[in-house]
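If you read the sequence from its start, that first residue is 1, and numbering goes on from there. Both counts, for ligands and for their atoms, begin at 1 and track the order of listing.
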Amino acid sequence: MSEHSDTVEEVFETVARTAPEIRSALPGRRAETAGKNPSGELRLAADDYADDLLEERLGAIEGVGQYASEETKESVDTGEGLAIAVDPLDGSSNLKPNNTMGTIVGIYNAPLPAAGHELVGATYVLYGPITTMAAAAEGEVTEYVVTDGEREAVREDLTLPEDPAVYGFGGRVPDWTEDFAAYVEEIESDESLRLRYGGSMIGDVNQVLTYGGIFAYPALESAPEGKLRLQFEGNPVGYIVETAGGRSSDGEGSILEVDPEDLHERVPVYVGSTDLIDRLEGALN
Ligand code: F6P
């Protein structure tokens, strides 16, 4: 138990309590709002609704001192304590075609922007056919089914399966670097691996956590820093996958070691089974 255990647990509980509300509000909020987020992407009414709910509830927890969201430029000061970075609705472009989406929460013991090694907990909710939640803290990952705002643990001390089975890579294929394209070719020639890419990082990462494998949103020719945000996406997911015995990488080393300069900065994201990430780093360097 660390000195932050109670706050981290309260954050997890609050996320579980809020997830069904976010989910049940989705059908009426498929329309786009006028605004864009700080990364230049269109915001949906559903993004805003989830953000407002999470800010109000997570910011009210004693022991939480800062709340930052992918949807807003600046963070909010909420008192003394841990800093929370949230992607309220990850993959929200999947709302229109009714595919999976997620909510991602990183809990940092340092003011934001902070390096991933400052995380003391991270969780994501997956809005799939059922609502599940993966939460990492104190060196363990637990998967829960969330019903009526309550969590029920279904997999404890979750680790990535030994034999990887799936892969999913984002970005337009012609925009991949030559080295990454060569690596993908190698992966695709492995008969034990199957393509799984759904356009929502949490849906795709949860496949990797379940079956073993690799998910990447790589550095692109047109965007060497990739697409995903370090504070809100790369770090929390990297922390969960590493806690489950896998690896994360920005192409050179663990994502958790990247020194951030800006709240909304992007990072190439490669996460999954250790051997596949080791091979990826070998191919890129
Ligand atoms: O927030 C970014 C995101 O929606 C991720 O959830 C997902 O992995 C990625 O963008 C999908 O991007 P693309 O549409 O380029 O495949």
[X] heavy atoms, cut-off 4.0 Å: which ligand 1 atoms fall inside?
{"X": "E233", "result": "1 (O), 2 (C)"}
{"X": "Y197", "result": "11 (C), 12 (O), 13 (P), 16 (O)"}
{"X": "G91", "result": "4 (O), 6 (O)"}
{"X": "L228", "result": "2 (C), 5 (C)"}
{"X": "M201", "result": "5 (C), 6 (O), 7 (C), 8 (O)"}

In this structure, does ligand 1 have an atom that sits under 4.0 Å from one of the heavy atoms of S200?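 The answer is yes: ligand 1 sits under 4.0 Å from a heavy atom of S200.
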How are the rings of Y197 and F215 set to each other: parallel, tilted or perpendicular (split at 30° and 60°)?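 If you compare the ring of Y197 with that of F215, the planes turn out parallel.
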Identify, for atom 15 (O) of ligand 1, the protein heavy atom at the shortest distance, and state residue, atom and that distance.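 Going by distance alone, atom 15 (O) of ligand 1 is nearest to Y217 OH, 2.6 Å.
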Protein contact to atom 10 (O) of ligand 1 [nearest heavy atom, distance to 0.1 Å]: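 Result: K227 NZ, 2.9 Å.
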Under the side-chain contact (heavy atoms from CB on, under 4.5 Å) criterion, do V120 and Y108 qualify, and how do the steps go? CA-CA 6 Å; V120 289; Y108 296 82; over 6 Å; no
Which residue from G199, G168, S93, G102 reaches closest to atom 7 (C) of ligand 1 through any of its heavy atoms?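 When every heavy atom of G199, G168, S93, G102 is considered, G199 comes closest to atom 7 (C) of ligand 1.
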Return a yes/no value for [X]: is any of its N or O atoms, backbone included, closer than 3.5 angstrom to an N or O of ligand 1?
{"X": "E70", "result": "no"}
{"X": "R229", "result": "yes"}
{"X": "S92", "result": "no"}
{"X": "D90", "result": "yes"}

Does the side chain of [X] pick up a donor-acceptor pair with the side chain of [Y] at under 3.5 Å?
{"X": "E55", "Y": "S69", "result": "no"}
{"X": "Y124", "Y": "D87", "result": "no"}
{"X": "T131", "Y": "R23", "result": "yes"}

Side chain, backbone, both or neither: R172 near ligand 1, heavy atoms under 4.0 Å: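 No part of R172 comes within reach of ligand 1.
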For Y270, run the side-chain contact (heavy atoms from CB on, under 4.5 Å) check against Y183, F169, F180 and tell me which one passes.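 It is F180, the one option of Y183, F169, F180 that forms the side-chain contact (heavy atoms from CB on, under 4.5 Å) with Y270.
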For M101, which of L89, V125, L126 qualifies under side-chain contact (heavy atoms from CB on, under 4.5 Å)?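 Of all the options given, the one that passes is L89.
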Working for side-chain contact (heavy atoms from CB on, under 4.5 Å), residues V141 and Y239: CA-CA 10 Å; V141 181; Y239 179 83; over 6 Å; no
If you apply the rule salt bridge (charged side-chain N to carboxylate O under 4.0 Å, His left out), what do you find for R155 with E143, and how did you get there? CA-CA 5 Å; R155 282 196 292 169; E143 187 187 51; 3.1 Å; yes
